[in-house]
Amino acid sequence: MPRSLELVVTAVATRLIAVDAATATGVSQQVLAELVTYFGVDSSFLRHHDHTIHATRLIAEWPPRPAGAQPDPPALIHFADADPVYALAENLQEPVVLRPETGGHAGTTVACVPLPSGEVTTGMLGFVMAGDRQWSSEELHALAAIATLFAQVQARVYAEDRLRFLAEHDDLTGLHNRRALMAHLDARLQPDQPGPVSALFFDLDRLKAINDYLGHSAGDRFIQVLAERLAQAAGPSMIARLGGDEFLVVPASPTDVDAAEELAERLQHALSKKVPIDGEMVTRTVSIGVAVGVPGRDSTSDLLRHADQAVLTAKNSGGNQVILYSDAISLESEFRNDIELHLQNVIETGALFLRYLPEVDMRTGKVLATEALVRWQHPTRGLLAPDSFIGVAESINLAGELGRWVMRTACGEFARWRANGVGLDAVLRVNVSPVQLVADGFAESVATIVAEFGLPPGSVCLEITESIVVQDIEVTRVTLAKLHDAGVQVAIDDFGTGYSVLSLLKSLPVDALKIDKSFVRDLGADPGDLAIVRAIIALAEAFDLQLVAEGVETGTAAATLLRHGCHRAQGFLLSRPIPSDQMEALLRRGTIPVDFAEP
Ligand code: C2E
Ligand code: CA
Ligand code: CA
């Protein structure tokens, strides 16, 4: 290819590499403008195909049409009734040039260049010139290279859009999602709004059993039926599905505690009717938490937290009941007081210890990393998982101390294995709580511990959740930069559960993403999950991040991940969390057996 053409391709690549969903159209138009000038043609356009409706859609063109003018040809063209130029573009594989005498459009020469994505033609670039124009094969080569760049942008933007779409809608039931609910409550709780505003939090008891015994499509169908029943029985209300089997109902008119409780009981009754699924009559009881907020006094998060707390208490006390927030607090505070009381000196008494969860390359079984998970042997409540006490620790300012204990203990054990010649190329992953990350001197204290145990750069990785990153972005940015300088890696944990961090990914020094286990667990059974996972894989590739899947429980999930290019994973299929000495032994062996035949 002549030098000048190479330069054009390079210039286009440089422009397109930085594009995201927000800038794609604008940058595409600029690139088209440059290409029009360079090739000396009259106009050019970029179209994307939508094969589901057999049509092609205008994305950008140069020169632009005056605002308000009807585009000609139209923005959306159906291949079936398109003129030859577009009909040909549907599955075009190689560039073609249509000259006036060979079918060009109204005495013009049109160069059509397909956007390739594997076997599929995802769109086209077109270059139009009045009269006859020769296109050399070098020029067409350059255009093909440019079309490939456009196709890559298209794939990246699609992944980003898709992830955002999935994050904003509930595909299964068509109900509102959390985002929409929050916006609704924010508006309802403004000081000048009529109140009180009540929130009814529904949580199905043991839905998992339906999924397990009747399969996931039965579970989905069941949820759809319940959603329809809620919508019918609730009267004028905002109804949202918050996740798996959680729904929230907010009556449209002001509702006090008594009225809310009455509504909850009526809905409980409506939902308890049997649902026919695959010839079986299925029913599930439901737990309901009720909270009431006053506009101007309570915030959306207060109201949701109260309703959530009430439903948790309802579930914990056996399910199938309606609990009001005020009753919930007294039961709950009993538990918290007890945890608080014992947590104060949990570190001195040696009641904390660590388990390790291996992370494996599923192609080879090689153990690549290990995640430290804290446990608490509680004097009366038995072995406690972190979810039951980290929150309490945070609320009584113990998170820092607890976090330092975890960091120090994990690094100490890791250093001991390494001193025995084991796990020298493995990575130690440590979870960090949001409160810790934004505390003064956090990065310095991590760096000190890592240095004290002589752990080499890159061997320790902190896991933080998306929500922290977004909450306090400036402090986070500074802290992450310091950690990066100290050779400590950073992974975003539970990725996919909130999409807001997407736009920040590019600008933060992050090394890895961990796909949240809620998307992984049912892979192979739930096409919605696969769509999300594929979008995350595409993002990780676009941003050049390491990718780890969490919560791999089945061979199907493992095989599905492998097929789509995600190799690193952890989960109960590979290993449960294990004690330190077993982790050392596993690192010594180096691999676990892997063979994920799909059933
Ligand atoms: P995480 O960071 O997402 O950790 C993974 C959790 O998923 C662990 O639960 C692990 O036992 C569980 N898990 C792993 N594989 C599977 C699987 O295949 N299926 C299912 N259902 N679960 C799986 P664990 O140990 O109860 O920890 C819960 C959460 O508590 C962690 O979630 C993490 O956010 C937090 N945590 C754990 N240790 C610490 C710590 O030292 N400090 C802080 N701040 N948080 C911690
Ligand atoms: Ca984690
Ligand atoms: Ca996680």
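As the structure lists them, so they are numbered: ligands from 1, and atoms in each ligand from 1.
- Among the atoms of D516, no N, O or S atom falls under 3.0 Å of the Ca ion (ligand 3).
- Taking any N or O of L357, backbone or side chain, none lies under 3.5 Å from an N or O belonging to ligand 1.
- There is a protein heavy atom closer than 4.0 angstrom to atom 27 (O) of ligand 1.
- With a heavy-atom cut-off of 4.0 Å, L373 touches ligand 1 through backbone and side chain alike.
- Contacts between D494 and ligand 1, counted as non-hydrogen atom pairs separated by less than 4.0 Å, involve the side chain only.
- Among E553, K517, R521, the residue whose heavy atom lies closest to atom 21 (N) of ligand 1 is E553.
- Contact annotation for P577 and ligand 1: only side-chain heavy atoms (C-beta onward) come within less than 4.0 Å of the ligand.
- When V432, V406, N431 are ranked by how near their heavy atoms come to atom 34 (O) of ligand 1, first place goes to N431.
- Near S433, the atoms of ligand 1 lying under 4.0 angstrom from a non-hydrogen atom of the residue are 44 (N).
- With respect to R241, the side-chain hydrogen bond (donor to acceptor under 3.5 Å, both in side chains) criterion is satisfied by exactly one of N177, D170, T173, D171: D170.
- Distances below 4.0 Å separate heavy atoms of V374 from the following atoms of ligand 1: 38 (N), 39 (C), 40 (C), 41 (O).
- Aromatic rings of W417 and Y356 (six-membered ring for Trp) have centroids within the 6.0 Å cut-off, being under it.
- For ligand 1, the atoms sitting less than 4.0 Å from at least one non-hydrogen atom of E371 are 2 (O), 4 (O), numbered in the order shown with element in parentheses.
- Side-chain contact, T300 with D186: a donor N or O sits under 3.5 Å from an acceptor N or O.
- Against a heavy-atom cut-off of under 4.0 Å, D387 is close to the following atoms of ligand 1: 28 (C), 29 (C), 30 (O).
- In summary, the side chains of D302 and S299 do present a donor paired with an acceptor at a separation below 3.5 Å, with no hydrogens or angles considered.
- The protein atom (non-hydrogen) at minimum distance from atom 37 (C) of ligand 1 is P386 CG, 3.4 Å.
- A cation-pi arrangement is absent between R355 and F353 under the rule of less than 6.0 angstrom and at most 45 degrees off the ring axis.
- The CZ atom of F389 sits 7.5 Å away from atom CG of L343, with the distance rounded to the nearest 0.5 Å.
- Although no hydrogens or angles enter the test, the distance criterion places no donor-acceptor pair under 3.5 Å between the side chain of E553 and the main chain of R521.
- No side-chain donor-acceptor contact under 3.5 Å links N420 to the backbone of V422.
- Contacts of R576 with ligand 1, taken as heavy-atom pairs under 4.0 Å, are absent altogether.
- Counting only distance, with no hydrogens or angles, the side chain of Q224 and the backbone of L172 share a donor-acceptor pair below 3.5 Å.
- Residue-level check: among N/O/S atoms of E371, OE2 sits closest to the Ca ion (ligand 2).
- To the nearest 10 degrees, the Ca ion (ligand 3) sees OE2 of E550 and OD1 of D494 at an angle of 150°.
- Set against the non-hydrogen atoms of G551, the atoms of ligand 1 under 4.0 Å away are 16 (C), 17 (C), 18 (O).
- Taking the Ca ion (ligand 2) as reference, D493 places its N/O/S atom OD2 nearest.
- Taking the six-membered ring for Trp and thresholds of 30 and 60 degrees, H306 and Y325 have nearly parallel ring planes, at less than 30 degrees apart.
- Set against the non-hydrogen atoms of I390, the atoms of ligand 1 under 4.0 Å away are 42 (N), 43 (C), 44 (N), 45 (N).
- Less than 6.0 angstrom separates the ring centroid of H378 from the ring centroid of H342.
- At a cut-off of 3.0 Å, E463 does not coordinate the Ca ion (ligand 3) through any N, O or S atom.
- Counting only non-hydrogen atoms, the option in W405, F389, F572 that gets closest to atom 16 (C) of ligand 1 is F572.
- Counting heavy atoms under 4.0 Å from ligand 1, residue L402 does not touch it at all.
- Here D494 does not pair with K514 in a salt bridge; the nearest charged N to carboxylate O distance is not below 4.0 Å.
- Between R375 and ligand 1, at least one pair of N/O atoms sits closer than 3.5 Å.
- Ionic pairing of R404 and E401 is not present here: no N-O contact between side-chain nitrogen and carboxylate oxygen is shorter than 4.0 angstrom.
- Under the 4.0 Å criterion applied to side-chain N and carboxylate O atoms, R588 and E584 are assigned as salt-bridge partners.
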